[in-house]
Amino acid sequence: MLSFVGLSNLLGLFCDNVLTGAQHEPGYCSFYEDCGLNPAVEGALIPPRVPCKDYRKAVNVTGDHYELFKSVCPMLAHGEGETLACCSIRQLTALQSSLTLSKAVLIRCPSCADNFAHIHCATTCSPNQSQILKITKTANITQPTGIVKEAVVGYEAYVSTSFSDASFRSCKNVRIPATGGYAIATMCGRYGATLCTPQRWLDFQGDSSNGLAPLDINFKLLPDGQTAGLPPGAVLFAGTALNCNETTPTGGEACSCQDCEQSCPAVPQPPPLPEPFMIGQLDGVLVICIIVFSCILLLLICYVILEYTIHYQKSKGARKVKNTKDQNENEIERKISPKDVTCSDKASLATQEFLGSLFQTWGTIMARYPLIVLPVCLVVVLAFAVGIKDIELTTDPVQLWSAPQSRAMREKAFHDANFDPFYRTNQLILTAPDRPSHYYDSLLFGEQNFSGIISKDLIIELLELQQKIQAIELWSDELNRTASLKDVCYAPLNPDNPSLTDCAVNSLPQYFQNSMDNLNAKANMTELGVTKEVDWRDHFIYCVNSPLSFKDITALGMSCMADYGGPVFPFLAVGGYENEEYTTAEALILTFSLNNYARTDVKFKVAEEWERRFLEIVQEYQKNPNTNFTFAYMAERSLEDEINRTTAEDIPIFMISYAVIFLYIAVALGEYTSWKRILVDSKFLVGLGGILVVGCSVMASMGFYAWIGFPSSLVILQVVPFLVLAVGADNIFIFVLEYQRDMRRPGEKREEQIGRVLGNVAPSMLLCSLSESVCFFLGALSTMPAVRSFALYAALAVLMDFILQMTAFVALLSLDARRQDANRCEIACCVTVKTPHPSKPNQGVLLPLMKKYYAPALLNPVSRVLVMVVFLVIFCACVFLMFHVKVGLNQELAMPSDSYMLDYFAYLYKYFEVGVPTYFITTKGFNFTSEEGINAVCSSVGCDQFSFTQKIRYATEYPEQSYLAIPASSWVDDYIDWLNPGSKCCRIYTAGPNKDEFCPANESFFICTKKCISVPENGVLRPSVENFNRFLPDFLSNRPDLQCPKGGLGAYDKAVVRDETGEIIASRFMAYHTPLVNSQEFTAALEKARELAHNITMTMRNVTGTSQDFEVFPYTVTYVYYEQYLTIVNEGLFNIGVCLLPTFVVCCILLGMDLRSGFLNLLTIVMITVDTVGVMTLWGIDFNAVSLINLVTAVGISVEFVSHLTRSFALSIQPTKVERAKEATANMGSAVFAGVAMTNLPGIVVLALAKAQLIQIFFFRLNLVITLLGMAHGLIFLPVLLSFLGPGVNNAVLLQIQEKKAKEMELNSKATYDNISFESHEKSNGEISVQPSYPVKAGIVSKTTQEPSEFETDVL
């Protein structure tokens, strides 16, 4: 048995010796000298040169051999004549060429590059080579001399885990600035950066199938001191690996924080997100609202008790007082002394008398000459409206919502002036929800779960669709030839003369270079003794984990690069996966990128036409019943197309809305006293005239502003007519109803009656119209273009509406009254009706109902308290809700409800795994060429720890707060790496016609032997100012390839802008946001990006020579849309505040400095506005510029609901506040209800049928809320509030009535004494009657008199 074991050991040792041909001894080599190309490697990306098997002693290297050895493997050099090695000059040259490829991405971290070279120098050149490796495979290679030599094509290397782990740690965080990813991802094959380990990293270096390794190396990593598994005499290579924060023996500096976590300084964590305002365990705002409500409720209770006590005491005192009635049982009236009249009372009376007299005279004149007034008004309107022919409609959302001088617009202008605009995106996101998943047992990757959409037949179908789109051709009048995708596509690597394959198209088929042959390719492959077939699935798995690879490690040997030469990152090809498990993706993404042109460029129309054809093909494909995909799509033009479509489709809805309002007005204004007189008493033409007055006022406003060159917008066309109609209809109802309720006095002409009625109601109409007009004019102070233009258009339209009502409508009513007095029908004017007009004035339906039922029910003691409590609860609740309203406008709301873009947005948010790119842009004034300037920007070795790009990298460590996911690509860092002599990127021609000029990496070494810059002593390369400026253009135009992946073409050629002197006046650094799904996140991302940019700006201004106006700012296409939400709350408070101010001031002035009425008027409008915002929160209506316009409109409409009633109450002379509130509610409330509420509601309800979500939400919902809340506060809350806190009776009015009654009694007594006849008495009364100047109702009337006396009516 022992002999058998010994024999077995001897046979094993014999076989081992036969294969290796050598023992494992110190000082001996296993192979030496270059033996030619490895015959076993096909499709190599670099020449796979292998060594000759040669067991020999290590060679003492001297002279040129030593110098080359020292430059390639300095860690093994011990001095000339003292250094032994197992590699020849030819081997060193091949090793140097191979290491140069790796150094191109690793050189930014010297210790990593040193450790990586150390591994390969040890296995290639170590003097103890035979001890640390074992030859496992050889091949015969015929030399040029005809001699056949045995070459080594595979060996096993023994490395200690301490060395391998330390080397891996030094390299695992090294970045590739152009992509923001990790260099290790390109050096770990199928595993990428996330799953890479030291073993997998080294396995990839020793895998000849990747096209980079010249032979197979099996790295065995064993713990230090372990000998099990090692051949006799073999030892582990346990060299000294440098930490990434250590300097190299050759003087290289420690790696930067960007590439080495150990080098990072102590960066303080960003402050936590602000905690919500809490009091104890409850929401702080809620607690405050409850406290305020409780205090107000307590005050109300105290007030009610006090009022009841005072009323009780007065009643008790009144019972004790005798002789309260005269001999005729009439109440003895309280005498008003002139001393009781205050200055405010006198001012109020004087104001009302002046306005009443003025409007009475004006109305009489307008009614007397209607046939002159109407043509004059028409001429004036036409003079204004003619400007409409030059109207300019602003449809660009940027110009609508972003002020021209806003920061975002200035930054956009700077970006567009210096850089190409963002390319146009045309995209499909495809899913196959019904397809089952399957498992694939891969030879290389093990068992993998493939989702249903990652299947060959669907990929082929996607490829066919892609090729069909790529083949789009169209005739272009602008180019006068047939145009195709290559004429407008974004071609990053060949922008000047692109072919179709140069166009940037990102999709999964690009991993196969859009080749059906590649997709169908199969090959047998042996791995660890197991042979299996590999196919497209193995290639896909490899490419999504290593998208920068030029060759996969399968037997297929295909590239992962797209046909246009760039990489396809997996998040651009697939979506809907988790934890980078790309095979489980639920969606495929197909993206065509087009150049973005100015609208004046001839190619802009070509691009739009191509996109139109793109949409046609996609929509046709979607309708195909054989389509296996469920997908969403969009083109760059889609947003504008869909907005324009919905605008055109919803115009009929607005027309129907206005028609419904017109129909209501025409019907509601009629008197309808008898069926026989229905065509006489109807007000169809008056209603039509009122609508025309509104239309003319809107046209005049639009024409005037168009005439002076002020742009309009679709929002104005939709909102302003609605607003003016609400205001105008209210005034029309108040005027017409007052005229219908009035009785013409004896001897009074029709024109005089109309003038008198106008004198009664016009001050109230003036109060509302002037308040609204001034409100909107002040609203024009807004910085937001859409709000400013809306406010100006609305202000002038309201003003014009009032003027036309005071002129044209008065004249029209006069003509209609003339017709009605003649008993002529409205439509057929020649037809008369014999049935006479009733002798009593028509009070309609609403007035008796409100006087008899509604007002008493509302203002009884219980109802008053209940109303106050309910409305206070609502107000406090809405204050709480107001603090929780969302700010923003999600872009999908701009789309119609049936838009295909809604599906696209849903797919985008669900399946896209990366956010929008954002640029950090530098302005003029920073010296990038100085060493201090470079260090302040870069992130590689030698750079400042808090440099420009380092700060962005620190921000990406906290994506939930910074909203940044991927660090910024840095042209400065890649330019430094490109210049580094350790790579082949920057060389100079030493021979030929281009001598002394830049030589690209793909040129032969023999004609480009000179490096652009010499090796720096400390390993920190910083070019001189001259070299920086000399080679920068070459870097920017250098196309990246395998030999030089750092070339700037495509990544940076448009990122640096220089003036004619060579100074950099603008540059940009691209980072990526996290996925942003709503306007709140977009706004927060903008705010955080600006905070970061400001911090960077302040730091860079401290660099010597930097201008103090130098700035770094973030920019992406979405910022101009979302900037408004940073300030819209303050903007909204300002706009609503300046709108509320005139309502108070005008009310006070027109009521004769009645501050209390003005304050109560203002308070009610504030409550309506606050309650509207609160209901917005409940109904999911966000606060944005559109809702701000509607809130400004709400203030205007609230004035209509509130101010008429407030004025009516203030001028009433009923003895108690409750009686005055009842009178105001009945008389004016009925007109307001009919004129505002019932006018708006039918038109608003029709808007619910609109397709546009903006109209459904911000016009239907919001205007419905505004109208209902305005009606509730104006007709329920305000009368009750006035009954509690309203101003007292105007003593000046009572004194005037008292004096006039005394004068009448004196005249009556004299008439009786002189035996004047009753008829003369009546005539005398008529002669002394005072002209009406004050629209109030007498409150001191004898009980024996059923109607007020004529002098009291005159005062009314």
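All figures in this text were calculated on a predicted structure; none of them were measured in a lab. Numbering of residues begins at 1 and proceeds along the displayed sequence.
Between the side chains of Ser969 and Tyr1052, no donor N or O sits under 3.5 Å from an acceptor N or O.
The shortest heavy-atom contact between Ser962 and Lys1088 is O-CB, 3.9 Å. What you find for Gly575 and Glu913 is that their closest heavy atoms are C-OE2, 4.2 Å. Contact detail for Leu796 and Ser701: the closest heavy-atom pair is CB-OG, 3.6 Å. Shortest non-hydrogen contact noted between Met1176 and Asp1182 is CE-O, 3.6 Å. Looking at every heavy atom in both residues, Ser638 comes nearest to Tyr900 through OG-OH, 2.8 Å. Minimum interatomic distance between Lys603 and Asp487 (heavy atoms only, all atoms of both residues): NZ-O, 3.0 Å.
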Step-by-step side-chain contact (heavy atoms from CB on, under 4.5 Å) determination, Phe1069 to Thr922: CA-CA 9 Å; Phe1069 300 75; Thr922 65; 4.1 Å; yes
Test log, rule side-chain hydrogen bond (donor to acceptor under 3.5 Å, both in side chains), inputs Asp563 and Gln510: CA-CA 7 Å; Asp563 63 353; Gln510 284 283 26; 3.0 Å; yes
Step-by-step side-chain hydrogen bond (donor to acceptor under 3.5 Å, both in side chains) determination, Gln427 to Thr591: CA-CA 4 Å; Gln427 191 171 72; Thr591 307; 2.9 Å; yes
Glu609/Arg613 under salt bridge (Lys or Arg N to Asp or Glu O under 4.0 Å): CA gap, chis, key distance, verdict: CA-CA 6 Å; Glu609 181 61 21; Arg613 298 287 297 277; 5.2 Å; no
Derivation and outcome, side-chain contact (heavy atoms from CB on, under 4.5 Å), residues Leu465 and Leu428: CA-CA 11 Å; Leu465 175 62; Leu428 291 91; 3.9 Å; yes
Test log, rule side-chain hydrogen bond (donor to acceptor under 3.5 Å, both in side chains), inputs Thr501 and Ser499: CA-CA 5 Å; Thr501 56; Ser499 65; 3.1 Å; yes
Residues Tyr564, Asn506; criterion side-chain hydrogen bond (donor to acceptor under 3.5 Å, both in side chains); working and verdict: CA-CA 10 Å; Tyr564 67 88; Asn506 287 301; 3.1 Å; yes
side-chain contact (heavy atoms from CB on, under 4.5 Å) between Met895 and Leu639, worked out: CA-CA 8 Å; Met895 300 293 101; Leu639 279 172; 3.4 Å; yes
Test log, rule side-chain contact (heavy atoms from CB on, under 4.5 Å), inputs Thr918 and Leu964: CA-CA 9 Å; Thr918 184; Leu964 291 174; 4.0 Å; yes
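Between Tyr1072 and Phe571, the angle of the ring planes goes over 60°, which puts this pair in the perpendicular group of the 30/60° scheme. Ring pair Tyr1115/Tyr1119 is perpendicular by interplanar angle, where above 60° counts as perpendicular and below 30° as parallel.
Atom CG in Leu594 sits 12.0 Å away from atom CZ in Arg637 (nearest 0.5 Å). Atoms CD and CZ, from Gln1253 and Phe1258 in turn, are 10.0 Å apart once rounded to the nearest 0.5 Å. Taking OH from Tyr423 and CG from Asn596, the interatomic distance works out to 11.5 Å, rounded to the nearest 0.5 Å. Rounding to the nearest 0.5 Å places OH of Tyr907 at 9.0 Å from CZ of Phe631. Atom CD of Glu392 is separated from atom OG of Ser712 by 9.5 Å, given to the nearest 0.5 angstrom. Taking CD1 of Ile1257 as the start and CH2 of Trp1179 as the end, the distance is 10.0 Å to the nearest 0.5 Å.
Taking a 6.0 Å sphere around CZ of Phe912, one finds it holds more than 12 heavy atoms contributed by other residues, nucleotides or ligands.
Between Glu608 and Lys605 there is no salt bridge, since no side-chain nitrogen of the basic residue lies less than 4.0 Å from a carboxylate oxygen of the acidic one. Salt bridge annotation for Glu1087-Arg1090: absent, with no cationic side-chain nitrogen under 4.0 angstrom from a carboxylate oxygen.
No side-chain donor-acceptor contact under 3.5 Å links His1073 to the backbone of Val916. For the pair Glu1123 (side chain) and Ala408 (backbone), a donor-acceptor distance under 3.5 Å is present. Checked by atom type and distance alone, the side chain of Asn1190 pairs as donor or acceptor with a backbone atom of Val1186 at under 3.5 Å. At least one donor-acceptor pair under 3.5 Å links the side chain of Thr1116 to the backbone N or O of Pro917.
Contact check for Phe1082 versus Tyr1121: no side-chain heavy atoms found under the 4.5 Å cut-off. Proximity of Ser1079 to Tyr1122: side-chain heavy atoms (C-beta onward) are separated by under 4.5 Å at one or more points. With a 4.5 Å cut-off on side-chain heavy atoms, Asp641 and Arg612 do not count as touching. Thr431 places none of its side-chain heavy atoms less than 4.5 Å from the side chain of Glu586. Under the 4.5 Å side-chain criterion, counting only non-hydrogen atoms from C-beta, Thr627 is not in contact with Gln622. Annotation: side chain of Leu462 is in contact with side chain of Pro509 (closest heavy-atom distance under 4.5 Å). For the pair Tyr705/Ile388, no side-chain contact is recorded, criterion being any heavy-atom separation below 4.5 Å from C-beta on. Side chains of Ser789 and Phe710 form a contact here, defined as non-hydrogen atoms less than 4.5 Å apart.
Partners of Glu464 under the side-chain contact (heavy atoms from CB on, under 4.5 Å) rule, at least two apart in sequence or in another chain, are Ile460. Every side-chain hydrogen bond (donor to acceptor under 3.5 Å, both in side chains) that Tyr621 has, sequence neighbours left out, goes to Glu461.
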Hey, can you pull the donor-acceptor pairs under 3.5 Å for the side chains in residues 412-422, sequence neighbours left out?
residue: Lys412; atom: NZ; partner: Asp416; partner atom: OD2; Å: 2.7
residue: His415; atom: NE2; partner: Arg1068; partner atom: NH1; Å: 3.1
residue: Asn418; atom: ND2; partner: Phe414; partner atom: O; Å: 2.8
residue: Asp420; atom: OD2; partner: Lys1054; partner atom: NZ; Å: 2.7

